[in-house]
Amino acid sequence: MNVRTRFAPSPTGSMHIGNVRNAAFSWLLARHFEGEFVLRIEDTDRTRYVPGAVEEIIEGLRWLGTDWDEGPIYQSSRLKHYQEYAQKLLDGGHAYCCWCSPERLAEMREEQQKAGRPTGYDRYCREDSHGRSLDEPHVIRFAMPTQGTTVFTDAVRGEFSFDNVLQDDFVMLKADGYPTYHLASVVDDYLMNITHVVRSEEWISSTPKHLQLYHALGWQAPTLVHPPLILGPDRSKLSKRHGSVAFKDYIEHGYLPDAVLNFMALLGWSPGDNREVMTREELTEAFSIEGIVKHPAIFDIQKLDWINQQHTNRLSNEDYEAEVRRHIRLCETHADKLPENEREEKLSVLKRFEEMFDGVDPDYRSEVIALMQSRSTPVADFIDYSWNYFATDFDYEEKGLKWLRDETAPGYYEKLEAALEATDWASPAREELHALLEEQIRSVGASVGREGGAVIHPVRIASTGRTVGPSLFEALAVLGKDRVIERLRKARQKSRELSAS
RNA sequence: GCCCCCAUAGUGCAGCGGCCUAGCACACCACUCUUUCACGGUGGUAGCACGGGUUCGAAUCCCGUUGGGGGUACCA
């Protein structure tokens, strides 16, 4: 089967999470059948066009790895096609010109609603142009059959039947010569040989319009696939008040593309067994229309975080490093959109980190990654968590300062310095070094009457500046003798200042 | 108002008439590991919206109710 699917966003703002899920489904379907995936930009509403939106869509899809075989194709550059078919419909008696004003239309709707009748155009211009001329501004409407039903099968939900009378004589071509979605998508899906139209549930109710259009044009309709919507935690349509719905925010947080694809795929689809953490290849292999579910799904960011963590843990050290670099670059380019003052700060932080990250010995870098990878998801956390491992100078976390304020701390640090200075760090294997360091530190601690946390915590805050982090002895082993002793010395000085005051 | 869709734990899914005293995962709670935060391990709380049918048998099929969602534009 030659499958061709498309993703057809309109450039009216930031790419929405729900939209991305549809892109993912559409792409997965095409790749599963080794078919083609087309990117089409539905820019037929000139009033809602947002500059930069197309770039964001393209960047987002690239990032996600949902590559397309054709496009981007802009509908705004294909007006002649829509006009041509509109004319054909006009000639065949399937369409007519309408001169009704928006005011009249609004009034009509209000009356219909008040009377408890279904809303819809009253077909005032359908049989009679009322002496209006084609030179006057007008739209072209589709002449819906006024009897019978439109029956169709959705690949996800099965049979549907809609009464034709209740269908509107919808506008196909606007007064400005641009088509509406209904006309444009039907014409394009046909001309582009799209076999499966994947679009979310909200389109079901206008599907009869599209099918009547296909019918009037003498075309066969593609397979319709309507996955469910994605809802916010309160079960209403996912929107800004539910947190972020802008896809780019997830990119900026440093989620992994494979993890996001995995998570998206699971929003309204399942492989049928209980698999959850899946690679891109596994998803492509397993994807099917049968696995698409009918009920709406709620976006659960905790699950995203978990899946992201699972994918992160499966990354090699080198791949994780590549992700860190990619993330930095991405944040740098995105910083352009920030307000001036924030941008400066963001960029300088990134720059400083990058310099430190690049400046260290590759082996050291790799060891820090090994230490932090599993706890730094999304990747943005890595910058924060690993900062002090690269910085030569850093502030102590407020919460840990209590260990330095202790007046016996300077003495403790001094003894530790001596003991660790006298220790051979180079010869033992890594595991042995951990044990050795632990033994040394515990014995110094015991010699000054310290126990448990009082032994460990002062060393952690001194060597890493933080109260939390990896196993202390592993951290020390990674930092190495010189850094550790230097840091103990600094902590001792700081401690003297603090306990003196 | 009118039209349409959906309905398994808090969340995401499995289930497609008997294998279901309903399975998996996230979240949550314990315990465990432990120097901290995570990870890991073990266990636990929690669900077939309700009411009628059909059937020897229903989470699974049908109808209704309720609840939720979508559409109702010269927006997509």
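Heavy-atom basis, side chains included; hydrogens, waters and symmetry copies ignored. On a predicted model such as this, the values are computed, not experimentally measured, just so you know. Order of the sequence lines fixes the chain letters, A, B, ..., with proteins taken first and strands second; residue numbering starts at 1 for each chain.
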Whole-Å distance between [N] [atom2] and [X] [atom1]?
| X | N | atom1 | atom2 | result |
| --- | --- | --- | --- | --- |
| Asp300(A) | U11(B) | CG | C1' | 5 Å |
| His295(A) | U11(B) | NE2 | C1' | 11 Å |
| Ile298(A) | A27(B) | CD1 | P | 17 Å |
| Asp154(A) | C6(B) | CG | C1' | 13 Å |
| His311(A) | C26(B) | NE2 | C1' | 14 Å |
| Phe170(A) | C75(B) | CZ | C1' | 15 Å |
| Phe152(A) | C3(B) | CZ | P | 17 Å |
| Glu451(A) | U36(B) | CD | C1' | 18 Å |

Does a side-chain N or O from [X] land closer than 4.0 Å to OP1 or OP2 of [N], or not?
| X | N | answer |
| --- | --- | --- |
| Lys399(A) | U36(B) | no |
| Arg235(A) | G67(B) | no |
| Lys209(A) | C4(B) | no |
| Arg141(A) | C74(B) | yes |
| Arg109(A) | A73(B) | yes |

Is a side-chain donor or acceptor of [X] paired with a backbone partner of [Y] at a separation under 3.5 angstrom?
| X | Y | result |
| --- | --- | --- |
| Trp269(A) | Ser288(A) | yes |
| Tyr413(A) | Pro458(A) | yes |
| Asp169(A) | Arg141(A) | no |

Which nucleotide in the list [options] gets nearest to the side chain of [X]?
| X | options | answer |
| --- | --- | --- |
| Leu105(A) | C74(B), U35(B), C75(B) | C74(B) |
| Ser471(A) | C74(B), G71(B), U35(B) | U35(B) |
| Glu42(A) | C74(B), A76(B), U36(B) | A76(B) |
| Lys303(A) | G12(B), C6(B), U36(B) | G12(B) |
| Arg460(A) | C4(B), A38(B), U36(B) | U36(B) |
| Leu231(A) | G69(B), C74(B), C39(B) | G69(B) |
| Val293(A) | C74(B), G70(B), C13(B) | C13(B) |
| Glu276(A) | C74(B), G12(B), A76(B) | G12(B) |
| Asn274(A) | C13(B), C4(B), A76(B) | C13(B) |
| His457(A) | U36(B), C75(B), G71(B) | U36(B) |

Q) Hey, what's the ring geometry for His182(A) with Trp203(A), parallel, tilted or perpendicular (30° and 60° as the breaks)? A)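 The rings of His182(A) and Trp203(A) stand perpendicular, inter-plane angle above 60°.
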Considering Watson-Crick and G-U wobble pairs with both distances under 3.5 Å, what does [N] pair with?
| N | value |
| --- | --- |
| U72(B) | G1(B) |
| G40(B) | U32(B) |
| C16(B) | none |
| G51(B) | C63(B) |
| C26(B) | G10(B) |

When you compare [N] with [M], how far apart are their [atom1] atoms, in angstrom units rounded to a whole number?
| N | M | atom1 | answer |
| --- | --- | --- | --- |
| A58(B) | C50(B) | P | 15 Å |
| A22(B) | U60(B) | P | 15 Å |
| A25(B) | U42(B) | P | 10 Å |
| C61(B) | C6(B) | P | 12 Å |
| G12(B) | A27(B) | P | 15 Å |
| G64(B) | C3(B) | P | 14 Å |
| G18(B) | C13(B) | P | 23 Å |
| A59(B) | C48(B) | C1' | 5 Å |

Q.
Hydrogens and angles aside, do Tyr255(A) and Asp305(A) bring a side-chain donor and acceptor to less than 3.5 Å of each other?
A. yes
Q | Glu55(A) atom CD, neighbour heavy-atom count above 12 within 6.0 Å | A |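 Enclosed.
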Q.
Within a 6.0 Å radius of atom CG on Asp128(A), are there more than 12 heavy atoms belonging to other residues, nucleotides or ligands?
A. yes
Q) For Ser10(A) and Gln302(A), take the nucleotide of RNA chain B holding the closest heavy atom to each; which residue's nucleotide lies nearer the 5' end? A)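 Between the two, 5'-proximity favours Gln302(A).
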Q: Using heavy atoms to find the nearest nucleotide of RNA chain B for Thr119(A) and Ile456(A) separately, return the residue whose nucleotide is more 5′.
A: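 The 5'-side residue here is Ile456(A).
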Q: Using only heavy-atom distances, decide whether a donor-acceptor pair under 3.5 angstrom links the side-chain of Arg157(A) to the base of C5(B).
A: no
Q) Can you find an N or O donor on one side and an acceptor on the other, under 3.5 Å apart, linking the side chain of Arg375(A) with the base of C39(B)? A) no
Q: Would you kindly check if the NZ (Lys) or CZ (Arg) of Arg126(A) is within the cone defined by 45 degrees around the ring axis of Tyr121(A) and under 6.0 Å from the six-membered ring centre?
A: no
